[in-house]
Protein chains: 2
Amino acid sequence: MSPISKSNSKTKSTIQDVAELAGVSKMTVSRVLNNDEKVSDKTRLKVKEAANKLHYRPNISARRLASAKSYFIGLLYENPSQGGYVSQFMMSALKSCRQRGYHLVVDECEGTQVEKLTITRDLVEETRVDGVILLPPFCNNIEILNELKALNVPYIRVSPDVELTQSPFVCMDDYQAAFEMTNLLIEQGHRDIAFIIGHPDVGASRLRYQGFLDAMRSNKLTIPPEYIEQGLFSYKSGLSAAKALLTCNNMPTAIFASNDDMAAAVISVANSLGIQVPQQLSVVGYDDTPIATTIWPNITTVKQPIEAMAEAAIAMLTTGKFDQGLSDKLSDLRHVLDFELKQRDSTSRVKS
Amino acid sequence: MSPISKSNSKTKSTIQDVAELAGVSKMTVSRVLNNDEKVSDKTRLKVKEAANKLHYRPNISARRLASAKSYFIGLLYENPSQGGYVSQFMMSALKSCRQRGYHLVVDECEGTQVEKLTITRDLVEETRVDGVILLPPFCNNIEILNELKALNVPYIRVSPDVELTQSPFVCMDDYQAAFEMTNLLIEQGHRDIAFIIGHPDVGASRLRYQGFLDAMRSNKLTIPPEYIEQGLFSYKSGLSAAKALLTCNNMPTAIFASNDDMAAAVISVANSLGIQVPQQLSVVGYDDTPIATTIWPNITTVKQPIEAMAEAAIAMLTTGKFDQGLSDKLSDLRHVLDFELKQRDSTSRVKS
DNA sequence: CTGAAAGCGCTTACAG
DNA sequence: CTGAAAGCGCTTACAG
């Protein structure tokens, strides 16, 4: 009574094998596999048991060929230079797709607006993806969004800045993360905290800045104007900001940079000025990119929930259980995922 | 009699459409598509024309279902922490696969040796990949290589250190790159050049070091023993090495670090000691990882031909035109790809 | 709630 | 060198 022995060894079992073992037709097996409601619980159970017993795994290619669905999800991004952000997201999305029997098709959307539209259209019409994920900053390209809508393909945006009522999206709470990170510094005894703002074109810059401001205010701490520097997210811009901050009259005891590259620059400048991090200066960054754990001291930073974002996006796209713009309410479209504060070696309690 | 009009607009054309337009059978079209020799040049041409006219693209799923091939290539790696190396390779492999109608299945091989073997076996038996690519350092796992051989699936290793006569592999000439990079420094007038060796367990470390030594020797330059430091490829190890090098009696005018992380550390230490890079000290790295272009000054480094390696590996695996261990000659198994010297801002001509 | 038939777009063997 | 037939493992209508 062990059908396992055979199917376990060489031959891969098919829907036909499962049907026979369960004593039903292929059709019924197919229904159970696709979560069709119209199957009796009893039958459903029988089929599931048989499938498990045989270690049955549906053949995606056959599925794809027979059905209208492609079992492909598209991932579109604009700029790969964001230090691993794209690859991190891709790795996670890949994993989620595999678990669900889907495949990920990744495409870089570069060039002129016309070329971007062509790439997007090809992905939908040639590859026939069942859904598309748009990474920032590409997800703010309104023409693309409209095209996708016209093509009638579901899409999810990741951390968008604009048109927040138009389509579902996943994001993290940048404001809250900056708020909490600032509080962390304050709890460590810091009062004189400087801030380097991120690139003005990126929406998250504003939110991070506001979170910082509100945390300071709620602790009744004042911020001298010379403690605020405008950066551009680049290491180089962090260098000039840090120089200004660390050579002003009343040097801060902590600097909050809006991303890790700029935080790394702060540490470098501090180094060259003979200021010890974290003994004389605490530094925090944002993003938890590789550089945060490459340089020494490792940077205390905010870790974006990239893996969870990818998983959530794939889940929404593959189950089809989300309202593609059906609701106007932001709360129905927005999926906020939890961030994490990574406390490392670039911060310490202030010495009094 | 114009099947074009219909198939050109919305409906995707199939092998049947191509066959009709060319006036042959589906079988012949299939043969042409798969580069079967046994088709007359005349017919071949007709078919190719028809296919082009219809913008025909074979349906991979149908192909996969009907044939013994899976049109999947597996990519196995062990350690994702190598700062983007895996993702860079993956991106390139993805692209090459897409062009050939293949799909890439990426898997991290972690855990115990038994778990690694299981993951590898699953990839071959479940996903039925047509070939496997093994990234370093995973490609040096001999048990895995034997398992793959037993499973009878072709595999290509990337920059392996061991068993170089066992299977085809792609690599770059680490020795030559280090040799040329050293020469570049010498041409810029440097004579006092220090070297930070890479991790002792990695084969490339030895080759890079040897390339450096031979370049120095061939220029009749001597290397005082205090100019050689052992590193571990980590930023932190670069820090200690740099401190030793920059505080010794006769400070070098250039430091060659065996990777970018350590080169970044050298720059950081130089900064903190008030030594200007590149005016007083030239620094070069190796790999061209993101950190090389993140920090300031940007690091002069050796760019590995990751894209070309990925393309070569995929090409070998998909055309099946390589000798899977048929030859004992290293030259037949080894595919050496060209590196590139990236001259940036961390080096300059020595002032006399 | 369940099933028999047809077909998705290719390729594999078998003829000729 | 070329083709007619069967089939890969699923799903989509269509019945009942």
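Below, chain A is the first sequence line, B the second, and so on; all start at residue 1.
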Salt bridge B:Glu311-B:Arg100, side-chain N to carboxylate O under 4.0 Å:
yes
Salt bridge between A:Glu37 and A:Arg31, side-chain N to carboxylate O under 4.0 Å?
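No, A:Glu37 and A:Arg31 are not salt-bridged.
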Does [X] place a side-chain N or O at less than 4.0 Å from the phosphate oxygens OP1/OP2 of [N]?
{"X": "A:Asn59", "N": "D:dC8", "value": "no"}
{"X": "A:Thr14", "N": "D:dC8", "value": "no"}
{"X": "A:Thr28", "N": "C:dT2", "value": "no"}
{"X": "B:Thr43", "N": "D:dT2", "value": "yes"}
{"X": "B:Ser67", "N": "C:dT11", "value": "no"}
{"X": "A:Ser30", "N": "D:dC10", "value": "no"}

In whole Å, I'd like the distance from the [atom1] atom of [X] to the [atom2] atom of [N].
{"X": "A:Arg44", "N": "C:dC1", "atom1": "CZ", "atom2": "C1'", "answer": "11 Å"}
{"X": "B:Arg31", "N": "C:dT12", "atom1": "CZ", "atom2": "C1'", "answer": "10 Å"}
{"X": "A:Ile60", "N": "D:dT11", "atom1": "CD1", "atom2": "C1'", "answer": "15 Å"}
{"X": "A:Tyr71", "N": "D:dG9", "atom1": "OH", "atom2": "P", "answer": "17 Å"}
{"X": "B:Gln16", "N": "D:dA4", "atom1": "CD", "atom2": "C1'", "answer": "12 Å"}
{"X": "A:Asp36", "N": "D:dA13", "atom1": "CG", "atom2": "P", "answer": "13 Å"}
{"X": "B:Asn34", "N": "C:dG9", "atom1": "CG", "atom2": "P", "answer": "17 Å"}
{"X": "B:Met27", "N": "D:dA5", "atom1": "CE", "atom2": "C1'", "answer": "12 Å"}

Closest-nucleotide ordering on DNA chain D, the 5'-leading residue of B:Val39 and A:Ile15
B:Val39
Do A:Lys26 and A:Gln16 touch side chain to side chain, with heavy atoms closer than 4.5 Å?
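Side-chain contact under 4.5 Å: yes.
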Below 4.5 Å, heavy atoms only, C-beta onward: do B:Met91 and A:Glu108 meet side chain to side chain?
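When only atoms from C-beta onward are counted, A:Glu108 and B:Met91 do not touch, as no gap falls below 4.5 Å.
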Give one of base, sugar-phosphate or nothing for [X], where a contact means two heavy atoms less than 4.0 Å apart.
{"X": "A:Lys69", "answer": "nothing"}
{"X": "A:Arg64", "answer": "nothing"}
{"X": "A:Tyr56", "answer": "sugar-phosphate"}

Given D:dC1, C:dA4, D:dG3, the nucleotide with the shortest approach to the side chain of B:Ser25:
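So the side chain of B:Ser25 is nearest to D:dG3.
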For C:dA4, what is the paired nucleotide under Watson-Crick or G-U wobble rules, both distances under 3.5 Å?
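No nucleotide pairs with C:dA4.
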D:dA13 -> Watson-Crick or G-U wobble partner, both distances under 3.5 Å, gives none
Would B:Arg121 and B:Glu147 count as a salt bridge (Lys or Arg N to Asp or Glu O under 4.0 Å) if you check the C-alpha gap in whole Å, the side-chain angles of each, and the deciding distance to 0.1 Å?
CA-CA 8 Å; B:Arg121 227 175 274 131; B:Glu147 180 66 19; 2.8 Å; yes
Do the ring planes of A:Phe72 and B:His103 sit parallel (below 30°), tilted (30 to 60°) or perpendicular (above 60°)?
parallel
A:Lys38 vs A:Lys26, nearer the 5' end of DNA chain C by closest nucleotide:
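The residue mapped nearer the 5' terminus is A:Lys38.
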